[in-house]
Amino acid sequence: MSPNKSGATLQRRPLVKQLLENAGDDLLVIAGLGSSNWDITAAGDRPLNMPLWGSMGAPVGMGLGLAMAQPTKRVLVITGDGDMLMSLGSLATVATQMPENLAIVVLDNEKFGETGNQATHTSPRNNGPTDSGAGTDLAMIARGCGIADATTVRESGEVAELVKDVRTKKGPVFRLVKVMVEKLEFVMPPQDGAHLKDRFRQALLGHP
Amino acid sequence: MTAAPTQPAPSKLDWRDQIFEVFQDHDIKQVYHVPDAGHGRLIEACQKTNSMRTLALTTEEEGIPLAAGAWLGGQRSVLLMQSSGVGNTINLMGMPKTLRFPFLTLITMRGDWGEFNSWQYPMGQGTPKVLEAMGVLLYSVETADEVKATVDAAARSAFNGGQAVAVLLRQKLIGIKNFGKK
Ligand SMILES: Cc1ncc(C[n+]2csc(CCOP(=O)(O)OP(=O)(O)O)c2C)c(N)n1
């Protein structure tokens, strides 16, 4: 396990498993490329999961389009800090619509994990020559974009409330979760995008 | 939409209002845009109807995942942008191919025909090539009387034929002198 200079103690796999516990037909999940994809799949692959294998920067927009199309379902976007940094503007677009059924969880390991753990902008300043960022605060950015309910979760004692907020609280809900840098098994869902899309629509709409 | 394609009857409406009618005919529910003067009147018509959600984007790139999400949820959408915006979308413009979902975009061309602003030329001239490279079908309109039939055919290719389709509204159609006006 790599050192965690930020002091994060939360582990992403069991956390995501808790977020998705007893997921039924009313929970629609989109995961960003890389670790978030493997995380939701480790919790149990299901048709109403849309795990991305590319399209960096897409998950929040996808979640918004889906949340507007399906206002009676809960839409949950789970993604990494690197992915979120690529589409900060999409948080402002979410705020223009204020979808009550949308929750966004950013698993912030302060790294581009998938590509070799290079520091992202959320990494602290002066963390050494290969590990320095800007201390960018994505929850503050979300609030600045107009998503008032945007907070940071660091402790295991806060996880139960996190799960409740993400699954049921009136949205849009944005949660930045500081997680450890870990080397985890790749648990992979089907890769074919058309298949993932068709099975999702089949499960949701009754036709592909 | 199972009806056979027909040539819509000539309309007396302004061509931008005709596009709005096509959107309604095809049950488009979500409209995304980074504004362009050429799309101004159409955007306003979409904003005024209760049957569509109209969203301003921070960058055109957002429009593609939004369209993917809308389709996952069973709704049709359209992205309105100008040619310079196409350059902002390139990587995500691969999504319709990867996920194989219907995608429709209407592009007002700049740097195309008598453009006064030199900054518009590189992306304006690159627009058809970039879209083709990403596997997007191109339809092009230069005259007002072809607008309705072309946008209608593009919507059919997208939503019935499952394609990613772009309609280029050429600068000759939009009119060089009309920028800034509705
Ligand atoms: C447009 C684009 N640029 C770069 C990449 C390479 N890439 C793949 S995953 C990734 C980092 C993802 O980082 P993050 O979202 O923080 O995920 P995690 O650390 O949780 O794995 C990058 C840069 C890509 N796939 N697409």
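Proteins come first, then strands; the chains are lettered A, B, ... in the order of their sequence lines, and each starts at number 1.
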Original post:
Do Ser90(A) and Glu62(B) meet the criterion of a side-chain donor-acceptor pair at a distance under 3.5 Å?
Top reply: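 The criterion, which ignores hydrogens and geometry beyond distance, is not satisfied for Glu62(B) and Ser90(A).
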
Rounded distance (nearest 0.5 Å) linking atom [atom1] of [X] with atom [atom2] of [Y]:
X	Y	atom1	atom2	answer
Asp198(A)	Phe101(B)	CG	CZ	12.5 Å
Leu99(B)	Met50(A)	CG	CE	4.0 Å
Leu91(A)	Thr58(B)	CG	OG1	9.0 Å
Gln97(A)	Arg53(B)	CD	CZ	4.5 Å

For the student: nearest non-hydrogen atoms of [X] and [Y], plus distance:
X	Y	result
Ala69(A)	Ala70(B)	CB-O, 3.8 Å
Pro65(B)	Ala58(A)	CB-O, 3.3 Å
Lys197(A)	Arg100(B)	NZ-O, 2.6 Å

**OP:** Examine whether an atom of Ser55(A) lies under 4.5 Å from a heavy atom of chain B, and if so say whether it belongs to the side chain, the backbone or both; otherwise answer neither.
**Re:**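 Both the backbone and the side chain of Ser55(A) come within 4.5 Å of chain B.
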
**OP:** With a 4.5 angstrom heavy-atom cut-off, could you sort out which part of Leu204(A) is near chain B: side chain, backbone, both or neither?
**Re:**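 Contact with chain B is through the side chain of Leu204(A) alone.
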
Original post:
Which region of Leu92(B), side chain (C-beta onward) or backbone (N, CA, C, O), has a non-hydrogen atom less than 4.5 Å from a non-hydrogen atom of chain A, or is it both or neither?
Top reply: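 When you check distances to chain A, only side chain atoms of Leu92(B) fall under 4.5 Å.
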
Original post:
Of the backbone (N, CA, C, O) and the side chain (C-beta and beyond), which part of Ala67(B) lies under 4.5 Å from a heavy atom of chain A, both, or neither?
Top reply: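 Interface part for Ala67(B): neither.
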
Original post:
Does the side chain of Gln75(B) come within less than 4.5 Å of Gln70(A)'s, by heavy atoms?
Top reply: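 Side chain of Gln70(A) against side chain of Gln75(B), heavy atoms only: no contact under 4.5 Å found.
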
Subject >> Greatest number of heavy atom pairs closer than 4.5 Å to chain A - which of Leu72(B), Thr98(B), Asn91(B) >> reply: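 Heavy-atom pairs under 4.5 Å are most numerous for Leu72(B).
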
Original post:
What residue, out of Gln30(B), Lys29(B), Glu61(B), has the most heavy-atom pairs lying under 4.5 Å from chain A?
Top reply: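 Answer, by heavy-atom pair count under 4.5 Å with chain A: Gln30(B).
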
Subject >> Full working for side chain to side chain contact (heavy atoms under 4.5 Å, CB included) between Leu55(B) and Met68(A) >> reply: CA-CA 11 Å; Leu55(B) 283 72; Met68(A) 291 190 299; 3.7 Å; yes

Original post:
Just wondering, are more than 12 heavy atoms of other shown residues or ligands nearer than 6.0 Å to CE in Met140(A)?
Top reply: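 Check fails, neighbour count at 12 or below.
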
**OP:** Please say whether more than 12 non-hydrogen atoms of neighbouring residues, nucleotides or ligands are located less than 6.0 Å from CG in Asp17(B).
**Re:**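 Check passes, neighbour count above 12.
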
